[in-house]
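In what follows, every chain begins at residue 1, and chains take the letters A, B, ... in the order their sequences are listed. These figures come from a predicted structure and were not determined experimentally. All values below come from the heavy atoms of this structure, side chains included, with hydrogens, waters and symmetry mates left out.
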Protein chains: 2
Amino acid sequence: MVPLDFESFIHRIEAHPQLQGVGLRTVYQKGEYIFKQGEICQKVFCMHNGLVKLYYNTQDGKEWIKSFVLDQGVLGSRSSQLMGKPSPFSALCLEKTEVQSYPYKRFAEVCLDDHDLVRDLFNFLQWLGVKKEIREYQLLCLSAEDAYKDFLHTNPKLVERLTQVDIAHYLGITPIALSRIKKRLT
Amino acid sequence: MVPLDFESFIHRIEAHPQLQGVGLRTVYQKGEYIFKQGEICQKVFCMHNGLVKLYYNTQDGKEWIKSFVLDQGVLGSRSSQLMGKPSPFSALCLEKTEVQSYPYKRFAEVCLDDHDLVRDLFNFLQWLGVKKEIREYQLLCLSAEDAYKDFLHTNPKLVERLTQVDIAHYLGITPIALSRIKKRLT
DNA sequence: CCCACGCGTTAACCCAGGTTTATTTCAATG
DNA sequence: CATTGAAATAAACCTGGGTTAACGCGTGGG
């Protein structure tokens, strides 16, 4: 069941007869936003390639990174999709990124009415749940040093394409603290 | 869509013709485990009343609490259900708790094959996703003090039924640190 | 070619929270 | 009624990470 084959999942979505002509292909350049914190964005984005960071800006001017989406993936703001509320985080492209977007409600209806697609969607939600459970475990149970080692080990390809600032803000520490950890580990 | 009506959701599950006689009713007393960290538990538990804590024991002998489930809810170990792996956390009853358990695979099949139930399940997974997103935000972006204030505000009924030790371990700090925070807030 | 800027690193200082130990209270049990 | 043990608090000390500031490096634009 898990792991998920995004390639096939996204292909089946895009091939679905009831979604023909509904999707919108967009190419974002490095530095462009898919959506910004505070905006209401009721789309779902099927990502084909690229690198996106989802992050929060706090009141005291800090940035903390919720997650990265690399190459294939599905993303959006649940708060906006489900409740029509402003997104609590932004989606910023760190590299050129190609996505296909659908109105969320239509997307969900089509998936729920399709015997096969609903299974794909269900698998995706379960896969995402496992991912988020691991993330929760790291934030709750691991020291910054252990979380960093874990991140290096689990995401070697991602690490190469990120700055130390972004890695630190994903781990919940400052880049200075990360620099100290790296020094400690040598 | 969100918030979720657990009462109706669980009722529809238990009333489903293909789940008749499949579920097992169990009453756990305070201090009893529904499942333990390290065990493989491929059931899903529909909780009717009670209070459960889901928590990790780390190698260095510490306990960190993933979440609480109060009164109505659905719980289980995704790692076990989906991948047949040992559960990374335990489910311990803090009060007398009544649950109805189903083999996960059967439960999922029945839900996915039922036009209405699959919508309930989908809503539940989305609701859970929103919950977990908020939890991630608290662990990533908030100080212990702010997370505590947030917890008090969002879970007033839960707070009354928990010890300070458990609240602290949910927040990711020691009970001593929580005691200091409480002192600071007066 | 030079300048500005973002990135990574280092150092000095500060603070929130961890660790250890001890005391008090209170509820459960013998 | 006495004993035990868990919970909460407190004090003293330690430590990892935050803050601020400075410096070197590479890169891209003027």
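Remark: the backbone N or O of A:Glu14 is not paired with any side-chain donor or acceptor of A:Gln100 at under 3.5 angstrom. Side chain of B:Thr97 to backbone of B:Leu51: a donor-acceptor contact under 3.5 angstrom is found. A donor-acceptor pair under 3.5 Å is absent between the side-chain atoms of A:Arg106 and the main chain of A:Leu19, judged by distance alone.
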Identify the pairs formed between an N or O of the protein and an N or O of nucleotides 7-16 of chain C at a distance under 3.5 Å, and give each distance.
from, atom 1, to, atom 2, distance (Å)
C:dG8, OP1, A:Gln164, N, 2.9
C:dG8, OP2, A:Gln164, N, 2.9
C:dG8, OP2, A:Val165, N, 3.2
C:dT9, OP2, A:Gln164, OE1, 2.7
C:dT9, OP2, A:Gln164, NE2, 2.5
C:dA11, OP2, A:Lys183, NZ, 3.4
C:dA12, N6, A:Arg180, NH1, 3.4

Please write out each protein N/O paired with an N/O of nucleotides 25-30 of chain D under 3.5 Å, distance rounded to 0.1 Å.
none

Atom pairs under 3.5 Å, N or O on each side, protein against nucleotides 22-29 of chain C: can you list them with distances?
none

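Ring planes of B:Trp127 and B:Phe124: parallel class, angle under 30° (limits at 30 and 60°). Between B:Tyr170 and B:Phe151, the ring planes lie tilted relative to each other; the angle falls in the 30° to 60° range.
Of the residues listed (B:Lys131, B:Arg78, B:Lys132), the one engaging A:Glu136 in a salt bridge (Lys or Arg N to Asp or Glu O under 4.0 Å) is B:Lys132, and it is the only one. Checking each of B:Asp166, B:Val52, B:Leu54 against B:Phe68 for a side chain to side chain contact (heavy atoms under 4.5 Å, CB included) leaves exactly one that passes, namely B:Asp166.
The CG-C1' distance, from B:Leu94 to D:dA7, rounds to 15 Å in whole Å. Counting to the nearest Å, the P atom of D:dT9 and the CD1 atom of B:Ile167 are 11 Å from each other. B:Lys62 places its NZ atom 11 Å from the C1' atom of C:dG17, with the value rounded to the nearest Å. Between the C1' atom of D:dG16 and the CG atom of A:Asp146 lies a distance of 13 Å, rounded to the nearest Å. Distance, B:Glu145 CD to D:dG18 P: 17 Å, rounded to whole Å. The distance between atom CG of B:Asp60 and atom P of D:dT15, rounded to the nearest whole Å, is 17 Å. In this structure, CG of A:Leu139 is placed 14 Å from P of D:dG17, rounded to the nearest angstrom.
Residue B:Thr174 places at least one side-chain N or O under 4.0 Å from the OP1 or OP2 atom of C:dG18.
Salt-bridge check for B:Lys149 with B:Asp146: passed, with a basic side-chain N closer than 4.0 Å to an acidic carboxylate O. A salt bridge is absent between B:Arg12 and B:Asp5: the closest approach of a Lys/Arg side-chain nitrogen to an acidic carboxylate oxygen does not fall below 4.0 angstrom.
Applying the 6.0 Å contact sphere to NZ of A:Lys53 captures more than 12 heavy atoms from other residues, nucleotides or ligands.
Two residues are said to be in side-chain contact when any heavy atoms from C-beta on lie closer than 4.5 Å; A:Tyr33 and A:Tyr28 fail this criterion.
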